[in-house]
Amino acid sequence: FPSGEGIILSPACPMTAIVDTAGRTAHFPPRFFSGNRAAVGGGAQAVLLAGGHATFRYDTDVESVFRQESNFWYLTGVDYPNCFLWLSPPESGECVLFVPESPASMVHEVYEGAVPPHEYFRDLSGVERIRPVSQLESFVQEQAELCAPAAGQAAFIHTTGACRSHLPTSLDPFIVDPEEDDTLARELQVLRQCKQLCELAEMKAVNKISSHAHDELMRALRPGRFEYELESVFRHSCMLQGCKEMAYLPIVGSGENAAVLHYTANRRKVQDGDLLLVDAGAERCMYAADITRTSPANGKFTPEQRSIYEIVQEAQESVIAGMCIDENMNKLGEMASTVVLHGLHRLGILRGELSRLHEVNVISRFLPHAIGHHLGLNVHDEVGFPTLLAEGHTVTVEPGCYFYPGLMKELHLQRFSGLVDFGVLERYVGVGGIRLEDNIAVGASGIENLTSAVKRPEEVEAMVGSLW
């Protein structure tokens with residue numbers, strides 16, 4: 001897939017595997033990152049980005065899991081904390097990577113390991129000039145004298161909001177406030193939205209791994225297991241396939257928890273007759289999968305559960321069938337809402353004229369979220385979701401139908417009077433919630449569904465509990 005002004009790499013392109021000190025394996029050669037850097041900074045000003053910093057749990061010395069800031073990784077490939085990247089204005093083309101220095105005392109090295117040599121960072125990123133972090137402030141001061149704009153316009157360095165707080169305060173006079181000018185963040189986002197072929201290959205790989213983990217979780221599912229036990233099955237499967245990290249906290253919700261969109265406590269014991277909604281995806285070399293499946297805990301959908309499941313599946317299939325370059329995602333979201341609304345009307349949960357049901361937006365009480373989002377280095381990979389699909393986009397398609405108690409109470413509002421059959425609704429409230437989510441890549445010749453976890457109702461029923 002294209003990358004805007006960046007380079008295109010063939011999936012068959014040799015990719016040197018480099019195991020870094022953070023334990024991840026990089027599958028991208030240095031020219032991928034140098035091509036990305038060349039596509040940034042079309043304006044006349046400099047760029048300074050801070051990488052992710054090592055953090056600790058509250059007021060302790062217990063390390064938090066380090067995860068590199070996505071834009072920094074996209075431009076450098078460096079998965080090591082406390083680094084900085086400098087890009088001079090395009091006319092000079094200077095690029096400098098500032099990295100931590102080896103501590104004077106051996107104590108740090110004994111506990112944490114040695115800081116990699118400059119050659120490591122050079123080979124990984126393709127940046128020739130590597131300097132210690134201690135020289136960052138004096139370097140920027142020198143650059144201010146060389147390339148800052150005329151007097152009265154001292155701010156000439158662009159950064160992002162995520163990086164600003166990690167830059168030395170002495171550099172504040174030179175920094176363009178990213179809250180007032182987010183040009184750099186938006187430029188990076190546009191570049192990242194259009195996946196290059198090597199990125200797409202990575203996203204296919206992490207989808208395959210995550211899809212298999214969803215299948216393994218279904219195989220292990222049975223009443224009496226705790227949600228966190230089933231989460232551990234998913235994580236274990238991903239780790240066995242080479243993915244140590246999750247792209248986000250897994251959502252493993254049974255019963256009424258399935259109606260909570262971002263439920264992550266995962267502590268309830270699964271009951272006979274429950275549905276289990278699992279929204280989980282692994283991260284591989286920084287790239288995310290985001291997949292949701294919903295399964296009957298005892299291996300058999302009730303008639304009510306299956307009816308809602310098939311409505312959600314129809315909504316997803318309709319949206320995927322309608323996806324193509326220049327298609328409007330808002331329009332596709334409306335299509336999904338219409339399918340779900342009509343399905344609830346057929347079941348008798350909703351009644352009255354369909355035009356009236358649309359007018360009062362009653363479907364928002366059953367489907368309260370958008371149809372999808374961009375996916376890539378972040379699970380929600382966007383500054384603002386572009387309305388039109390383009391070649392290279394990778395997005396989720398995730399319709400659902402939920403019977404969340406708080407939203408069900410709102411159906412008694414005057415605006416919905418006469419449009420809900422509460423007797424019929426009562427039969428379906430126990431469904432909890434159902435969501436199906438696949439990851440879709442948009443190409444010049446059509447779309448490709450990267451997700452392969454089982455989804456047809458009969459396949460799901462056959463898969464659930466088959467481990468036992």
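For this chain, numbers begin at 1 and follow the sequence in order.
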How would you list, by chain and number, every residue that makes a ring-ring contact (aromatic ring centres under 6.0 Å, His included) with [X], sequence neighbours excluded?
X	value
Phe139	Trp86, Phe98
Tyr309	Phe301
Tyr248	none
His108	none

* Scan residues 231-240 for pairs that pass salt bridge (charged side-chain N to carboxylate O under 4.0 Å, His left out), counting only residues two or more places apart or in two chains. =>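 Residue pairs with at least one partner in residues 231-240: Glu231-Arg235.
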
* Which residue pairs pass the salt bridge (charged side-chain N to carboxylate O under 4.0 Å, His left out) test with at least one member in residues 48-65, sequence neighbours excluded? ->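 Of all non-adjacent pairs touching residues 48-65, none passes salt bridge (charged side-chain N to carboxylate O under 4.0 Å, His left out).
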
* **Option passing side-chain contact (heavy atoms from CB on, under 4.5 Å) with Pro100 (candidates Pro81, Cys83, Ser134, Pro116)** =>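 Result for side-chain contact (heavy atoms from CB on, under 4.5 Å) with Pro100: Cys83.
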
* **Asn439 side, atom CG; Thr451 side, atom OG1 - distance, nearest 0.5 Å** =>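 Rounded to the nearest 0.5 Å, the CG-OG1 separation comes out at 4.0 Å.
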
* Among all residues two or more places apart in sequence or in another chain, which pass the salt bridge (charged side-chain N to carboxylate O under 4.0 Å, His left out) test with Lys204? ->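 With sequence neighbours excluded, Lys204 shows a salt bridge (charged side-chain N to carboxylate O under 4.0 Å, His left out) to Glu448, given in chain and number order.
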
* salt bridge (charged side-chain N to carboxylate O under 4.0 Å, His left out) involving Asp290 - partner list, sequence neighbours excluded ->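 Partners of Asp290 under the salt bridge (charged side-chain N to carboxylate O under 4.0 Å, His left out) test: none.
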
Can I get a per-line list of side-chain donor-acceptor pairs under 3.5 Å for residues 154-166, giving both atom names and the distance, sequence neighbours left out?
| residue | atom | partner | partner atom | Å |
| --- | --- | --- | --- | --- |
| His158 | NE2 | Gln45 | OE1 | 2.6 |
| Thr159 | OG1 | Leu48 | O | 2.8 |
| Thr160 | OG1 | Cys163 | N | 3.4 |

* **Pairing residues for Arg225 by the side chain to side chain contact (heavy atoms under 4.5 Å, CB included) criterion, not counting sequence neighbours** =>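 By the side chain to side chain contact (heavy atoms under 4.5 Å, CB included) rule, Arg225 matches Ala220, Arg222, Glu229, Leu230, Val233, Trp468.
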
* To do: With sequence neighbours left out, write down each residue that passes side chain to side chain contact (heavy atoms under 4.5 Å, CB included) with Pro368, or none if nothing qualifies.
  =>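 Here the qualifying residues are Leu261, Tyr402, Leu407.
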
* **For His214, side chain to side chain donor-acceptor pair (under 3.5 Å) partners two or more places apart** =>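 With sequence neighbours excluded, His214 shows a side chain to side chain donor-acceptor pair (under 3.5 Å) to no residue whatsoever.
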
